[in-house]
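To start, the structure itself, in structure tokens.
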Protein chains: 2
Amino acid sequence: MTGTVSRPTLEAVAARAGVSRATVSRVVNGGDGVREPLVERVRQAVEELGYVPNQAARSLVTRRHDAVAVVIAEPETRVFADPFFALQLRGISKELTAHDSQLVLLLTEGRDDHVRVARYLAGGHVDGALVFSLHLDDPLPGLIHGAGVPTVFGGRPGWGEGVREAVYVDCDNRGGARQAVRHLLGLGRTRIAHITGALDQTSAVDRLDGYRDVMADADPALVAQGDFTPAGGERAMRELLERRPDVDAVFVANDLSALGALRVLREHGRRVPEDVAVIGFDDMLPIAEQADPPLTTVRQEIEEMGRLMARLLIRGLGDGAGAEGPVPESSGVVLPTTVVRRASA
Amino acid sequence: MTGTVSRPTLEAVAARAGVSRATVSRVVNGGDGVREPLVERVRQAVEELGYVPNQAARSLVTRRHDAVAVVIAEPETRVFADPFFALQLRGISKELTAHDSQLVLLLTEGRDDHVRVARYLAGGHVDGALVFSLHLDDPLPGLIHGAGVPTVFGGRPGWGEGVREAVYVDCDNRGGARQAVRHLLGLGRTRIAHITGALDQTSAVDRLDGYRDVMADADPALVAQGDFTPAGGERAMRELLERRPDVDAVFVANDLSALGALRVLREHGRRVPEDVAVIGFDDMLPIAEQADPPLTTVRQEIEEMGRLMARLLIRGLGDGAGAEGPVPESSGVVLPTTVVRRASA
DNA sequence: GTGAAAGCGCTAACAG
DNA sequence: CTGTTAGCGCTTTCAC
């Protein structure tokens with residue numbers, strides 16, 4: 001194993017350079033207010049000794065960590081199967097990098113993990129947290145609230161303590177759903193079904209609400225429960241075909257499950273969009289474009305949402321604000337959505 | 001934003017419980033050697049104040065962090081597209097959780113990230129590192145070596161300083177490749193091609209070597225370069241069909257690219273396995289089983305490799321060993337592979 | 001068994 | 001400009 005070596009301290013560097021610890025500290029942290037010759041001597045000593053500041057010691061006094069936790073309340077298998085997270089992470093990553101902050105990814109699978117994560121956050125390892133994919137029964141918001149770490153949520157958190165004043169970034173799920181359904185109506189479809197997402201998440205609930213806004217008096221049999229996965233989409237589509245064989249359009253809660261729905265429709269010999277029009281949600285390019293037929297869908301700017309979350313968090317950190325700052329009028333940022341027309345509807 | 005609160009310190013708890021800091025510390029860390037009534041009083045004070053130990057302060061003295069970094073030297077998009085990482089992470093995660101250690105995921109995309117990651121590791125945030133998916137020109141091994149953090153590599157690291165004594169876990173890539181090719185030979189195939197992985201990674205090189213071990217004097221035109229992605233597999237398969245239309249079998253460096261190869265074969269009207277037998281590598285269940293036809297492949301125990309990596313790291317940490325410990329006879333653990341027969345070969 | 005005291009390595013006033 | 005001096009919050013001898 002590449003071994004542990006006892007690293008040199010500031011003291012050692014100071015001794016070697018023949019200056020005080022304070023001077024070394026100044027140089028290491030940018031070197032303002034230190035005269036050139038000294039700076040050079042110190043730099044050289046740092047180099048020779050291979051000095052790297054001990055973050056624990058530094059954090060202890062500065063209370064900064066230059067690291068932000070991203071918490072995803074979803075099992076690895078799902079996180080890694082769904083490009084949604086990848087995109088969002090990419091946005092976050094770019095923004096954090098620009099601010100010289102390290103991204104620390106924390107995945108939680110079970111309840112025990114929640115406690116561990118909460119301890120980690122409260123333990124002061126990071127300057128803030130970005131939290132995703134909360135579920136109905138999730139104790140995380142409460143735990144995080146208790147941890148007292150500045151937090152921005154991805155998606156409107158629906159439950160838990162401190163949720164009222166929570167800062168979050170989301171897309172206009174309800175409005176997007178309405179757009180989707182109206183698009184189908186515009187195509188002349190009348191028997192429009194909906195395959196929901198996991199209804200323990202606000203995004204799924206909001207999209208369902210949007211569907212209902214437009215289809216107020218539709219047959220309840222036209223709504224089938226999915227869970228945002230392709231398998232869930234398949235299951236739901238089968239149910240729909242059984243209950244309402246006359247269905248002529250379906251709005252699916254996300255692109256990934258739309259894939260499953262398309263598969264089932266093909267299996268049953270229904271042509272898309274001739275027999276059944278299909279519209280998804282997310283506009284996950286690799287999925288929507290590769291689908292057969294290419295998927296019409298509601299676009300949300302996933303990567304941009306990631307960037308925005310990171311930016312909000314960092315801004316909040318910067319001004320030293322927190323619970324004490326004046327509560328912003330709106331604590332949630334909601335990004336608009338647009339229908340992207342391809343072949344499926 | 002859920003705000004920053006100034007958390008109570010040990011001191012505060014001690015005051016509240018009417019004991020010394022030392023006693024609180026003992027209770028918080030297990031409570032041996034403290035009499036019951038005191039333990040109770042302290043516990044209550046901790047509860048009431050919502051005390052959580054400050055990790056920075058603790059690490060500063062203990063030099064432990066109860067956290068392990070997992071470094072993946074691959075852009076997010078690939079990491080999240082390839083179930084390989086998900087499986088390995090799952091293994092690691094389980095093992096670390098069992099040892100009460102936090103998993104910290106660090107993704108690196110470009111060269112700047114490498115430096116950032118190296119700084120993070122050297123800065124003493126974690127007790128050790130698990131590093132994956134190294135590429136030829138990757139400065140990471142050297143940087144990590146310099147960081148002096150105990151490290152276990154996933155896959156044999158081929159390059160960089162300190163690589164000779166590096167601890168790693170890998171599967172028998174070369175042997176597995178030989179098994180694959182022999183399996184094809186056993187099927188009576190004679191014009192056996194190979195689609196390589198990204199040849200800047202040792203696993204791809206080793207698999208190519210294994211192929212050559214068996215097909216020593218095969219036409220070089222039977223080897224096409226891929227990159228472990230489906231797109232790469234497609235491209236390589238097209239090349240092969242062009243160069244050697246008489247190809248009757250192909251050993252693909254991993255299941256993901258085999259998917260691409262299958263698609264191209266289908267496109268060209270070649271039946272699998274009748275016209276062309278296809279064998280993959282990895283046995284990524286969701287992929288191999290869903291493929292059409294289901295993919296015969298070389299199985300490696302990915303999740304188990306993850307577990308093993310974590311276990312090796314933790315063991316190394318436990319005995320306080322490192323560079324100073326006696327060098328183990330073999331610093332690499334190589335797991336066996338087996339051919340899993342399905343329909344494609 | 002419990003408390004007092006000495007640091008872990010660093011930064012941040014404050015003097016000089 | 002540079003050095004001296006206090007701690008940050010915690011663990012850990014070492015006395016009692």
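Proteins come first, then strands; the chains are lettered A, B, ... in the order of their sequence lines, and each starts at number 1.
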A/Gln102 and B/His125: side-chain donor and acceptor closer than 3.5 Å?
-> no
Between atom CZ in B/Arg26 and atom P in D/dC14, what is the gap in whole Å?
-> 14 Å
From CD of A/Glu11 across to C1' of D/dG3 the rounded distance in Å is 13 Å
Would you check if the side chain of A/Asp170 reaches a backbone N or O of A/Arg156 as a donor-acceptor pair within less than 3.5 Å?
-> yes
Starting at atom CZ of B/Arg21, determine the distance to atom P of D/dT12, rounded to an integer number of angstrom.
-> 14 Å
Check: D/dG9 base within 3.5 Å donor-acceptor of B/Arg7 side chain | no
D/dG3 phosphate, OP1 or OP2: any side-chain N/O from A/Ser20 under 4.0 angstrom?
-> yes
Rounded to the nearest angstrom, tell me the gap between atom CG in A/Asn54 and atom C1' in D/dC10.
-> 14 Å
Sugar-phosphate only, base, or nothing, as touched by A/Arg63 at under 4.0 Å among non-hydrogen atoms = sugar-phosphate
Within less than 4.0 Å of OP1 or OP2 of D/dC1, is there a side-chain N or O belonging to A/Arg35?
-> no
Does atom CD of A/Glu36 have more than 12 heavy-atom neighbours, drawn from other residues, nucleotides or ligands, at distances under 6.0 Å?
-> yes
B/Gln44 atom CD: more than 12 heavy-atom contacts under 6.0 Å | no
Residue pair B/Arg63 / A/Asn54, side-chain donor-acceptor N/O under 3.5 Å = no
Verdict with reasoning, B/Glu40 to B/Arg35, per salt bridge (charged side-chain N to carboxylate O under 4.0 Å, His left out) = CA-CA 9 Å; B/Glu40 208 39 58; B/Arg35 257 198 279 267; over 6 Å; no
So where does chain A start and stop touching DNA chain C, 5' to 3', when the test is distance under 4.0 Å to a non-hydrogen atom?
-> C/dG9 to C/dA13
Under 4.0 Å between a side-chain N/O of B/Asn29 and OP1 or OP2 of D/dT11, yes or no?
-> yes
With nearest nucleotides of DNA chain C determined for B/Gly33 and A/Leu60 from heavy-atom distances, which residue corresponds to the more 5′ nucleotide?
-> B/Gly33
